[in-house]
Every structure is written in C-alpha cells, then in structure tokens.
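Shown next, in structure tokens, is the structure this report addresses.
We count residues from 1, following the sequence as given. Heavy-atom basis, side chains included; hydrogens, waters and symmetry copies ignored. None of these values were measured; they are calculated from a predicted model.
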Amino acid sequence: MTMWDDAMRRALTEAAAAVECGDVPVGALVLTPDGTQLALAHNEREISSNPLAHAELLALQRAAAARGSWRLDDCTLVVTLEPCAMCAGAITQARIARLVFGAYDEKAGAVSSLWDLIRDSRLPHRPEVVSGVLAPECAALLQSFFAAKRKQ
C-alpha cells in the first residue's frame, strides 16, 4: 500500500462514472499540498462531443478555477491512466508539481510508454512522476469497459 492508494481509489470511483456516459473510464483529481481535493473529473468526450474533454484537462481546469490561478505548481494530479501527449502538455503548462498515474497506456502514453514528454530535459518545468499506483485495478476497469464495447 502506497501513500497514493486512497487518492487513486477516489480517481477510480470517478472513472467508473464515465462508463455511465459511454466514455472511456478515466478519472482524475487534483490535490493541494496538504492532500485536500481541489478538483475531480472523468472523461466527458462522449457526453460533451468535445475531443478535449479528457479527465486530466477537466480536473486541471476545475482546479485552476477553484484556485483562481492557472499555476498549480504545488499540486498533485492523480489519474487512473497514463496521460496522452495533449494531457502531458497541459500538465507541464499548469506547472503541476507531481503526477501520479495508475495504468500504463501502451498505445498513447506520453509519460513513459511511448514518449516521456513530462520529463523532457528541454522543458523548463518537469513534474515528479509516480507511476503504477493501483495499476492492476486501473487496467481492469479499462479492460472491462473495452470488452463490453467489443460485445456490442
């Protein structure tokens, strides 16, 4: 058990809400340095017809609105799936201090699987990365979702 398990469980619960909307079950939350939850989101691409409505982007937007600042330089983003290139870029732009993710994304992961955009030494801001937190549970939720989709 890691110190991030509880936060990842909250992200997993949020990810499950995406299934009800017909979306890929990814959940994300932003935590302040003391662990207070600042924002929570799940994928909303299907319900909003918006290709940008990834859980990470929505959580970052909501956290920035709650804070009244786009700079989230002391916050942690917890997400159930390794971020894609779009989300990795947004994470660095928001100056997130730490990224915690669960399952690896071998097809689109931009933090370690395909690329490592987050820790590219050419960037002025590189968050700490904690990977694989509750990875089996995070992967199982995604696998179950896609198995059900294939049966339809």
Residue of the set Leu117, Val111, Leu60, Leu57 for which side-chain contact (heavy atoms from CB on, under 4.5 Å) holds with Ile91: Leu60

Would you call Leu31 and Arg10 a side-chain contact if the rule is heavy atoms closer than 4.5 Å? yes

Does a side-chain heavy-atom distance below 4.5 Å link Arg67 with Asp74? yes

Around atom CD1 of Ile47, are there more than 12 heavy atoms of other residues, nucleotides or ligands at under 6.0 Å? no

Stepwise side-chain contact (heavy atoms from CB on, under 4.5 Å) check, Arg119 with Ser112: CA-CA 9 Å; Arg119 293 173 286 203; Ser112 58; 4.1 Å; yes

Say whether [X] and [Y] are linked into one hydrophobic cluster, either directly or through other cluster members, by side-chain heavy-atom distances under 4.5 angstrom.
X      : Y     : answer
Val26  : Leu99 : yes
Val129 : Trp4  : no
Phe146 : Val19 : yes
Leu77  : Leu72 : yes

Calculate, to the nearest 0.5 Å, the distance between atoms [atom1] and [atom2] belonging to [X] and [Y] respectively.
X     : Y      : atom1 : atom2 : result
Leu12 : Asp5   : CG    : CG    : 10.0 Å
Glu14 : Gln37  : CD    : CD    : 8.5 Å
Leu58 : Glu44  : CG    : CD    : 5.0 Å
Leu81 : Cys87  : CG    : SG    : 9.5 Å
Asp6  : Leu134 : CG    : CG    : 9.5 Å
Leu29 : Met8   : CG    : CE    : 8.0 Å

Flag, side chain of [X] to backbone of [Y], donor-acceptor distance under 3.5 Å:
X      : Y      : value
Glu82  : Asp105 : yes
His125 : Ala94  : no
Arg62  : Leu40  : yes
Thr80  : Gly27  : yes
Thr92  : Gly89  : yes
Asn43  : Ala18  : no
Arg95  : Gln93  : yes

Val130 vs Arg98, test: side-chain contact (heavy atoms from CB on, under 4.5 Å). Steps then yes/no. CA-CA 8 Å; Val130 179; Arg98 181 180 304 104; 4.2 Å; yes

Taking all non-hydrogen atoms of both residues, which atom of [X] and which atom of [Y] are closest, and how far apart?
X      : Y      : value
Ala39  : Ala63  : CB-N, 3.5 Å
Ala103 : Cys138 : N-CB, 3.7 Å
Ala53  : Ser48  : CB-OG, 3.6 Å
Ala135 : Gly102 : CB-O, 3.6 Å
Val30  : Ala59  : CG2-O, 3.7 Å
Met86  : Pro51  : CE-O, 3.9 Å

Go through it in stages, so that I can follow the logic: the residues are Asp23 and Phe145, the test is side-chain contact (heavy atoms from CB on, under 4.5 Å), and I'd like the CA-CA distance, side-chain angles, deciding distance and then a yes or no. CA-CA 9 Å; Asp23 219 321; Phe145 173 80; 5.8 Å; no

Mind checking what makes salt bridge (charged side-chain N to carboxylate O under 4.0 Å, His left out) contact with Arg126, not counting sequence neighbours? none

Test salt bridge (charged side-chain N to carboxylate O under 4.0 Å, His left out) applied to Arg150 - qualifying residues, sequence neighbours left out: none

Could you walk me through whether Asn50 and Arg45 satisfy the side-chain contact (heavy atoms from CB on, under 4.5 Å) test, starting with their C-alpha distance in whole Å, then the side-chain angles of each, then the deciding distance to 0.1 Å, before giving a yes or no? CA-CA 5 Å; Asn50 181 353; Arg45 293 179 308 168; 6.0 Å; no

NZ/NE/NH1/NH2 to OD/OE distance under 4.0 Å, Glu46 and Lys149: no

If the threshold is 4.0 Å, N to carboxylate O, is there a salt bridge linking Asp73 and Arg71? no

Which pairs count as ring-ring contact (aromatic ring centres under 6.0 Å, His included) when at least one residue sits in residues 70-122, sequence neighbours excluded? Phe101-Tyr104

